[in-house]
Structures are given as structure tokens and as C-alpha cells.
Undergrad: 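One structure, as C-alpha cells, below. Some questions next.
Chain identifiers are assigned alphabetically (A, B, ...) following the order of the sequence lines, protein sequences preceding nucleic acid strands; residue numbering begins at 1 within each chain.
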Amino acid sequence: MDELSQVMQVRREKLDELRSRGIEPYAYNFDSSTTAVQASESFATAEEGGRLDEGGDGESVRLAGRIVSWRGHGKSAFAHIEDGSGSIQLYLKKDVLGDESFDTLDLIDLGDWIGIEGVLFRTRTGESTVRVTNWTLLSKSLRPLPFGKVEVDADTGERTYHSGFSDQETRYRQRYADLAVHPEVRDVFRTRAHIIREIRTFLDDEGFLEVETPALQPLYGGATARPFVTRHNTLDRTMYLRIADELYLKRLVVGGLDRVYEITKDFRNEGVDRSHNPEFTMAEWYQAFSDYEDQMELVERMMVQVVDRVTGTRTLPFGDHDISVEPPFRRIRLVDSLSEALDADVDDLSDDDLRDRAEALSIPELDGAGRGKLIDKLFGELVEPGLIQPTFVLDHPKELSPLAKEKRGEPHLTERFEMYLAGMEIFNAFSELNDPLDQRERFQAQMGLRAAGDDEAQQLDEDYLRALEYGMPPTGGVGLGVDRLVMVMTNQPSIRDVILFPTLRDTE
RNA sequence: GACCCGGUAGCUCAGUUGGCAGAGCAACUGACUUUUAAUCAGUAGGUCGUGGGUUCGAGCCCCACCCGGGUCACCA
């Protein structure tokens, strides 16, 4: 404890001093009559309605919050406290509080939680404020929060930080401190919750049933990715954290639950970057008797409804771009878009031609890549980064899509779409493959790739094939990367900014 | 996994050819009863990411490692 910094040492001493004065620094509860924002609003309403007294005072209020700023003036002080709704200014005067109560304020610091009682009024600079008549300490802060000085633009409400808390690493590792000093970070996560709520509401209203499927699986599937591997001791068996919900949800469609969805975490043992976290939130839904065309229409309706309800606008600022969420979204066939980018019809190019093109662009990792993989690589390099506005990319090569039905009339393709926003894949959908014999062949092809060293190729799942053999109706299915959608809708540059506790390395 | 940039006071950052460790904010003491990046005067606060090495002397140079950010690869 002799390692404590000077600042923390001082706070411990204040804690002791409070106790020696008979003040308990960690209270049990506090009954508030209002919130910071409600108090300001109701004061403004009373003011407009002429319901203030002769002295300009409004009603009495009780509220609790964290002290986020302090301006002492000898025998008076101004402070702001912040609660879940926002912040409100306090005015503390010695002649109102009395000597003992006012002098005890010397033991209060930024970051402390207090409960106050007082009367609303408006200062001569125009800010609605509580003239505090009583205050009580609710929790003493022993570690200084990294509050910067905040300049709030009176017109725009925009916050400018001076000497603030900007170290990304510490902000992610100590998200509690990041949240405590950055109201706008709290807002991102409120918006995230709202987005997920609206996705759920949309699917509920469309007649989908929310279900829960295993996160801990004896076999993993439904996507091409490496899994996290773990072990069940009693069963003495290797198990995997799910990389997708797909195969379980489609089993449910076989069972007659013909519209199902799940919003949950998936886990992929892959790299970490601006748009990838090892655990991430996926929404998946499956709708019997629909195909991918139907699902494109559904995705458009969902996007518009969610964006309308959450943001109230259809233009989303994202970095340097303005993204217009106005249906119908652009639709391009993957092969056509690539033909355009290559200035040559892909169908006229041989595998060797494609490989030459890829090598000319110095695209790495081409060893053993088949035609589908080459097309995918070239698409990823030439087309994908430009897909800023909402765009459906259609009809992927069959070898890339082992769970999707063949494209009608073009058996080398599949009925699949990916919807891109801001250069990121947000939705991925198929007309689901429901022919059990075809599915078995596709799995076997994947096993071939696996044997050849592709550890992301999908595994043959006999139980899933058995389910398909019982009969799955024609079904359209969609996966939605929730975190990425939240990034776009909250204009955050990294997936870590929309995940409360992103995966980081240990610091020991 | 590769490359680039970074890690110095609670926070944000300076730190010259290698020569006593600096500022602003926060803290502390004092002044101040309508301020709001409050103001004014003063005081204190440091294993310079970790471990080695070179040197009379290392925040600075060399080696290794840890952590983060960015770019790329993989992937949603």
C-alpha cells in the first residue's frame, strides 16, 4: 500500500477523515425524485408556464449522481453531477448548507457519488441548476477517474476534450473508466441495445420464433472458420464453441418450426482487426417456403425499419461517407461485377487467366486456389472495398457455398447473397440447400479440401444429413453481423468500439 | 503471422549531439458566494513498458521480449 500514488493516498486520508467525522462513505441506497435531465426539463416547463416563485425558484428535487466537474469559489461552488439520464449543475453555498455540511465538501472529489436535495433555479448564465440544501455521500472514489476538461458547444452540444482520456489500450482494458468519463461511449452502447431490440421486434412481428441452440457443440459447422476447442471432462469428449448457428436452426425448420431466429455470440478462432473480434454477435434467421429473393426483400424492409426507428434518418454518416439506406438496394452479380472490374468476361477467362490476373495484383495465398477461390480473391481485392452504399452481391461460385442451393439455370453458381455496407459484409444469405444427397456430396467435397490441408473447410455432419433426409422445406436463411451493423449505425471505426469488453491480450 | 508507429507523473504530452526528469490538466495549501476548459499565488508528485548490453554516464544507442494502434494476410 506504500506503492499508492500521491493522489490515491490523499483519497484514503479523506476516507479516514470522513469516518472520523461519523460519515459513512459507502451508503446503502438513496431515493431520488427525478433524474438530471427530467429535472432540467420540468424546470423549463414550469418556467414557460409561469409557475416559478417570486425568486425564480422551481420545485424541490432529490437526485443522485457522480460528480464530474467542480468549480470552487471560496464560500460557494459549482459542480455537475451525472446520472443515467445526463448531467445537471449544482450550486452549493455555505450560507444555504451551513458551515459543517459545506466544510465537509473539502473531502469530496471528482468521481464521488452523492445524493442531493435542493431547489431548481436558473443561473444568470442561463443554466438550470439545483441550489443544494442537503447532500449526502453515497460512495467515495479512491482512484481518480481520468476526467479531462470538457468544452461543450452551446449550439451543437458537441464535446471537446482537453487533456482527456484517449489512450485506446486503457480505454478498452478499463471500459468502466472509459464509460464513466465519456457519455458518448455510453450512448454507443445504448444505441447498440436499441438496434438489437429493433431487430428482435422486426423478426417477432414477422412471425419468427426466437430460439436458443447449443454454443457448446460436438461438431462445428455452418461457416468456414477455425473453432475454439475445449473439453467436457465428464463426457470425456472434445467440444467446440459454435462458429455459426446455421445447422441447428435448419434442424428446427425440419422439425416444423418454420420461422426461427437466434441472436447470440459466435466464436471464431481467427485474427483480430478493426472488423473482427473472436467472439461476436450474430443474428440468424430461417424462413420456410422462401428463397434468397424473398430474403433480399426482407433484409431491405428490416434495414429500413431498424434504421428509421433507431436513428430517425436514412442517411448514416460513416467516416468520410454518407450511407443512404434507401431501398431498393443495388444488386450486382458477383461474376458481373468482377467482369467489369477486370474489363473482361470472367466466364471467358480460364483458371490460368484468373490466376495470372491475381498474381498481377500480387494477391498472396494463391497456392492451390481453385476457380471459385480465385474469383473470391479477385472480388475481395477489386470490388469489395468500393461497396460503401448498401449493395447485394449475388450468386457466388458453388465451391464457396457448400450449404447453398444451386442457382436455377446456372449450376456452377449458388443462390446466395452478401449485403455490403461501408465496405464490410453485413448480411450473408442463401436459398438453403435442402437436397440431402446433394448436401452429402458438398460435405464430401469439403472433406476433400480438409484432407488437402484446408483446416477451415467444413466437416461432414451425419446428424444434420439425417435431419435433411427427413425433409426440410424450401427455406431462405440469413446471417447478420450485428456488431458491424452497430459500427455503421453509430459511426465507430473499430468493432472494439461497439463491444464492451473486446478481446485483448493478457498483460499478466 | 509480417511490416510501420507508439509505451515518460493520475490524464494528455514534450524531452536537443548520450550529461541534474519537464509542461498543461488533475491533486495539495491559500484567496475568491452566479461559475462553467472558472481565475490567481504557491507546493508536492517519476521502478521513463520489461530484461539484458554498450558507455565514466542511457528516457535517448544496441539486442531480446511484453502490450497497444495502424497496414496487410486469414475471417464475418
Undergrad: Quick one: does A:Thr133's side chain have a donor or acceptor within less than 3.5 Å of a partner on A:Glu117's backbone?
TA: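 Yes.
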
Undergrad: Given that A:Pro493 and A:Glu270 both sit by RNA chain B, which one's nearest nucleotide is further toward the 5' end?
TA: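 First, find each residue's nearest nucleotide; the 5'-ward one identifies A:Pro493.
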
Undergrad: To the nearest angstrom, how far is A:Phe78 atom CZ from B:A38 atom P?
TA: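 The answer, rounded to whole Å, is 12 Å.
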
Undergrad: Could you tell me how far apart A:His80 (NE2) and B:A37 (P) are, to the nearest whole angstrom?
TA: 10 Å

Undergrad: Can you figure out which of B:C11, B:A27, B:U33 approaches the side chain of A:Ser76 most closely?
TA: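 Side chain of A:Ser76 sits closest to B:U33.
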
Undergrad: So, applying ring-ring contact (aromatic ring centres under 6.0 Å, His included) with A:Phe417, which one of A:Phe329, A:Phe392, A:Phe427 is it?
TA: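 So the option named by the test is A:Phe392.
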
Undergrad: Could you pick out which residue, A:Gly164 or A:Ala79, lies toward the 5' side of RNA chain B when each is mapped onto its nearest nucleotide?
TA: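 Closest to the 5' end, via its nearest nucleotide, is A:Gly164.
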
Undergrad: Name the nucleic acid region contacted by A:Gly479, choosing base, sugar-phosphate or nothing; use a 4.0 angstrom heavy-atom cut-off, strictly under.
TA: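 No contact.
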
Undergrad: Counting side-chain heavy atoms from CB outward, which of B:U12, B:G10, B:A37 is closest to A:Ser166?
TA: B:U12

Undergrad: Atom CD of A:Gln6 to atom P of B:A27: distance rounded to whole Å?
TA: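 After rounding, the reported distance stands at 12 Å.
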
Undergrad: What interatomic distance, in whole Å, is found between P of B:C65 and the corresponding atom of B:U55?
TA: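 Straight-line distance between the two P atoms is 23 Å.
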
Undergrad: Write down the distance between CG (A:Asp106) and P (B:U29), rounded to a whole number of angstrom.
TA: 7 Å

Undergrad: Would you call A:Glu151 and A:Lys149 a salt bridge, using N to O less than 4.0 angstrom?
TA: no

Undergrad: Please measure how far the C1' atom in B:C60 lies from the corresponding atom in B:G53, and state the result in whole Å.
TA: 15 Å

Undergrad: Any side-chain N or O of A:Arg143 under 4.0 Å from OP1/OP2 of B:G10?
TA: no

Undergrad: Would you check if the side chain of A:Asn491 reaches a backbone N or O of A:Gly319 as a donor-acceptor pair within less than 3.5 Å?
TA: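 Yes.
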
Undergrad: Base, sugar-phosphate alone, or nothing: which one does A:Thr224 contact when heavy atoms must sit under 4.0 Å apart?
TA: sugar-phosphate

Undergrad: Among the nucleotides B:C28, B:G69, B:U34, which one has an atom lying closest to any side-chain atom of A:Arg124?
TA: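 When the side chain of A:Arg124 is considered, B:U34 is the closest of B:C28, B:G69, B:U34.
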
Undergrad: Are OP1 or OP2 of B:G68 and a side-chain N or O of A:Arg173 less than 4.0 angstrom apart?
TA: yes

Undergrad: Name the residue from A:Arg186, A:Arg171, A:Arg173 that meets the side chain to side chain donor-acceptor pair (under 3.5 Å) definition with A:Asp178.
TA: A:Arg171

Undergrad: When you measure from the side chain of A:Arg131, which nucleotide among B:A37, B:A73, B:U34 comes out closest?
TA: B:U34

Undergrad: What is the pairing partner of B:G22, taking Watson-Crick or G-U wobble pairs with both distances under 3.5 Å in any strand?
TA: B:C13

Undergrad: Output the rounded distance in Å from CD1 (A:Ile67) to C1' (B:A26).
TA: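 Taking CD1 of A:Ile67 and C1' of B:A26, I get 15 Å after rounding.
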
Undergrad: Any base atoms under 4.0 Å from A:Phe121, or only sugar-phosphate, or nothing? Heavy atoms, all strands.
TA: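 Counting heavy atoms under 4.0 Å across all strands, the contact made by A:Phe121 includes a base.
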
Undergrad: A:His182 NE2 to B:C11 P: how many Å, rounded?
TA: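 Spelled out: NE2 on A:His182 to P on B:C11 is 13 Å.
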
Undergrad: Between A:Lys250 and A:Leu433 (side chain of the first, backbone of the second, donor and acceptor by atom type, cut-off under 3.5 Å), is there such a pair?
TA: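 Flag not set: sc A:Lys250 to bb A:Leu433 has no pair under 3.5 Å.
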
Undergrad: Using a 4.0 Å heavy-atom cut-off, does A:Asp266 contact any base of the nucleic acid, only the sugar-phosphate backbone, or nothing at all?
TA: nothing

Undergrad: Could you let me know what B:A2 is paired to, Watson-Crick or G-U wobble, both distances under 3.5 Å, or none if it's on its own?
TA: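 Checking every strand shown, B:A2 finds its partner in B:U71, with both distances under 3.5 Å.
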
Undergrad: Where the side chain of A:Lys75 is defined as all heavy atoms beyond and including C-beta, which of B:C32, B:A73, B:U34 is the nearest nucleotide?
TA: B:C32

Undergrad: Is a side-chain donor or acceptor of A:Gln492 paired with a backbone partner of A:Val498 at a separation under 3.5 angstrom?
TA: no

Undergrad: Under 3.5 Å, is there an N or O donor on one side and an acceptor on the other linking the side chain of A:Thr123 and the base of B:U35?
TA: yes

Undergrad: What's the closest nucleotide to the side chain of A:Tyr172 if the choices are B:G69, B:A37, B:U35?
TA: B:G69

Undergrad: With a non-hydrogen cut-off below 4.0 angstrom, is A:Gly148 in contact with a base, only sugar-phosphate, or nothing?
TA: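 No contact at all - A:Gly148 keeps every heavy atom at 4.0 Å or more from the nucleic acid.
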
Undergrad: Taking the side chain of A:His73 as its heavy atoms from C-beta onward, which of B:A27, B:U33, B:G68 lies nearest to it?
TA: B:U33

Undergrad: Answer yes or no: is there a side-chain heavy-atom contact under 4.5 Å between A:Pro397 and A:Phe379?
TA: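 They are not in side-chain contact.
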
Undergrad: In whole angstrom, give me the gap between the C1' atoms of B:A37 and B:A64.
TA: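 To the nearest whole Å, 44 Å.
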
Undergrad: I need the CZ-P distance between A:Arg11 and B:A27, as an integer number of Å.
TA: 8 Å

Undergrad: Please measure how far the P atom in B:A27 lies from the corresponding atom in B:U50, and state the result in whole Å.
TA: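 The same atom, P, in both gives a distance of 28 Å.
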
Undergrad: Identify whether any heavy atom of A:Asn277 sits under 4.0 Å from a base atom; if not, whether one sits that close to sugar-phosphate; answer base, sugar-phosphate or nothing.
TA: base

Undergrad: Could you check which of B:G10, B:U33, B:G68 has an atom nearest any side-chain atom of A:Glu169?
TA: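 Of the options given, the side chain of A:Glu169 lies nearest B:G68.
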
Undergrad: Work out how far the P atom of B:C63 is from that of B:G70, and round it to whole angstrom.
TA: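 Going atom to atom, P in each nucleotide, I get 26 Å.
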
Undergrad: Name the pairing partner of B:C40, where a pair is Watson-Crick or G-U wobble with both distances under 3.5 Å, or state none.
TA: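 B:C40 is paired, partner B:G30.
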
Undergrad: Taking only side-chain nitrogens and oxygens of A:Lys149, does any of them come within less than 4.0 Å of OP1 or OP2 of B:A38?
TA: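 Looking at the OP1 and OP2 atoms of B:A38, one of them is under 4.0 Å from a side-chain N or O of A:Lys149.
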
Undergrad: Between B:G69 and B:C48, how far apart are the P atoms? Round to whole Å, please.
TA: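 Roughly 24 Å separates the two P atoms.
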
Undergrad: Using Watson-Crick or G-U wobble geometry with both distances below 3.5 Å, tell me the partner of B:C60, or none.
TA: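 Its partner: none found.
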
Undergrad: What is the distance, rounded to the nearest whole Å, between atom CZ of A:Arg71 and atom C1' of B:C32?
TA: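 Answer to the nearest Å: 15 Å.
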
Undergrad: When you measure only distances, ignoring hydrogens and angles, does the side chain of A:Glu127 come within 3.5 Å of the base of B:U35 through a donor and an acceptor?
TA: no

Undergrad: Quantified in whole Å, what is the P atom distance between nucleotide B:G24 and nucleotide B:G19?
TA: 23 Å

Undergrad: If you measure from the Lys or Arg side-chain nitrogens to the Asp or Glu carboxylate oxygens, is any gap between A:Asp106 and A:Lys14 under 4.0 Å?
TA: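 A:Lys14 and A:Asp106: not salt-bridged.
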
Undergrad: Taking the P atom of each, how far is B:U12 from B:G7, in whole Å?
TA: 12 Å

Undergrad: Would you mind classifying the nucleic acid contact of A:Asn428 as base, sugar-phosphate or nothing, using non-hydrogen atoms under 4.0 angstrom?
TA: nothing

